[in-house]
Amino acid sequence: MQFNATFFPADFTENKLNVLSLVRLLVQVKENDGTEIEEFETDPSEKLYKIDTELTETMKVEVSVVQGEVIEFYPVVTAL
C-alpha cells in the first residue's frame, strides 16, 4: 500500500501538520521545480509538527511513507 499527499501554502493557516500514522512518514518542503528546502520524518508517537520554512506560493509540502515501512492503515495528515 502506498501513501502520498501534497499540500500547498493556501492549505495552511498555522504552518503545521497534524499527523495520525502508525508508521514513520517523510515530510518534504519543495519549490515547484523540485528543489528541496526542508525535510523531516514523523514519529508514530507524535501528532503535531511545525514546518520551519515560511511557505511561499512557489512551494509545496509532500508527505510519503518512509521507505521500508509497511502500512496497514492509511495515515491521516491534515494541514493546520
Side-chain angles (χ1 to χ4, degrees):
M1 214 183 305
Q2 291 198 351
F3 172 82
N4 294 301
T6 301
F7 298 95
F8 298 96
D11 298 328
F12 294 89
T13 57
E14 301 178 30
N15 232 39
K16 295 179 182 178
L17 287 172
N18 188 26
V19 178
L20 180 58
S21 176
L22 298 175
V23 296
R24 294 176 301 141
L25 301 177
L26 177 64
V27 178
Q28 297 175 306
V29 178
K30 295 181 178 180
E31 287 285 350
N32 285 338
D33 68 2
T35 304
E36 187 177 299
I37 298 168
E38 180 181 350
E39 177 180 291
F40 60 88
E41 288 185 11
T42 66
D43 183 308
S45 65
E46 300 289 324
K47 291 184 181 179
L48 195 59
Y49 295 88
K50 183 177 185 324
I51 296 172
D52 293 330
T53 302
E54 190 63 37
L55 299 174
T56 66
E57 291 181 11
T58 63
M59 295 179 185
K60 59 186 173 184
V61 178
E62 296 179 347
V63 182
S64 58
V65 176
V66 170
Q67 190 171 8
E69 293 280 348
V70 178
I71 59 173
E72 296 177 23
F73 301 99
Y74 279 111
V76 177
V77 182
T78 309
L80 301 176

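Note that the coordinates shown come from a computational prediction; the quantities given were computed from them, not determined experimentally.
Taking CG from L55 and CZ from F8, the interatomic distance works out to 11.5 Å, rounded to the nearest 0.5 Å. Rounding to the nearest 0.5 angstrom, the gap separating the CZ atom in F12 from the CD1 atom in I51 is 4.0 Å. For the atom pair CD (E38) and CD (Q28), the distance works out to 10.5 Å, reported to the nearest 0.5 Å. Atom NZ of K47 and atom NZ of K16 lie 15.0 Å apart (nearest 0.5 Å). Note that CD of E46 and CG of N18 are 11.5 Å apart. Values are rounded to the nearest 0.5 Å. I37 contributes atom CD1, which lies 6.5 Å from atom OG1 of T56 (distance to the nearest 0.5 angstrom).
For the pair P44/L22, no side-chain contact is recorded, criterion being any heavy-atom separation below 4.5 Å from C-beta on. Between V65 and L25, the closest side-chain pair of non-hydrogen atoms falls below 4.5 Å. Inter-residue side-chain proximity for L17 and F7 is flagged as met; some heavy-atom pair is nearer than 4.5 Å. Under the 4.5 Å side-chain criterion, counting only non-hydrogen atoms from C-beta, L80 is in contact with L48.
Hydrophobic clustering (ILVMFWY, side-chain heavy atoms < 4.5 Å, transitive): V63 and V66 are in distinct clusters.
In terms of modelled atom types and a separation under 3.5 Å, the side chain of S21 and the main chain of V23 share a donor-acceptor contact. Here the side chain of N15 pairs no donor or acceptor atom with the backbone of K50 at under 3.5 angstrom. Y49 contributes a side-chain N or O that, together with a main-chain N or O of D43, makes up a donor-acceptor pair within less than 3.5 Å.
Pairing each heavy atom of K60 with each of E31, the nearest pair is CE-O, 4.2 Å. Closest heavy-atom contact between N4 and S64: OD1-CB, 3.1 Å.
No more than 12 heavy atoms of other residues, nucleotides or ligands sit less than 6.0 Å from atom CD of E57.
For the pairing with L26, the side chain to side chain contact (heavy atoms under 4.5 Å, CB included) check across E62, Q67, E39 returns one residue only, E39.
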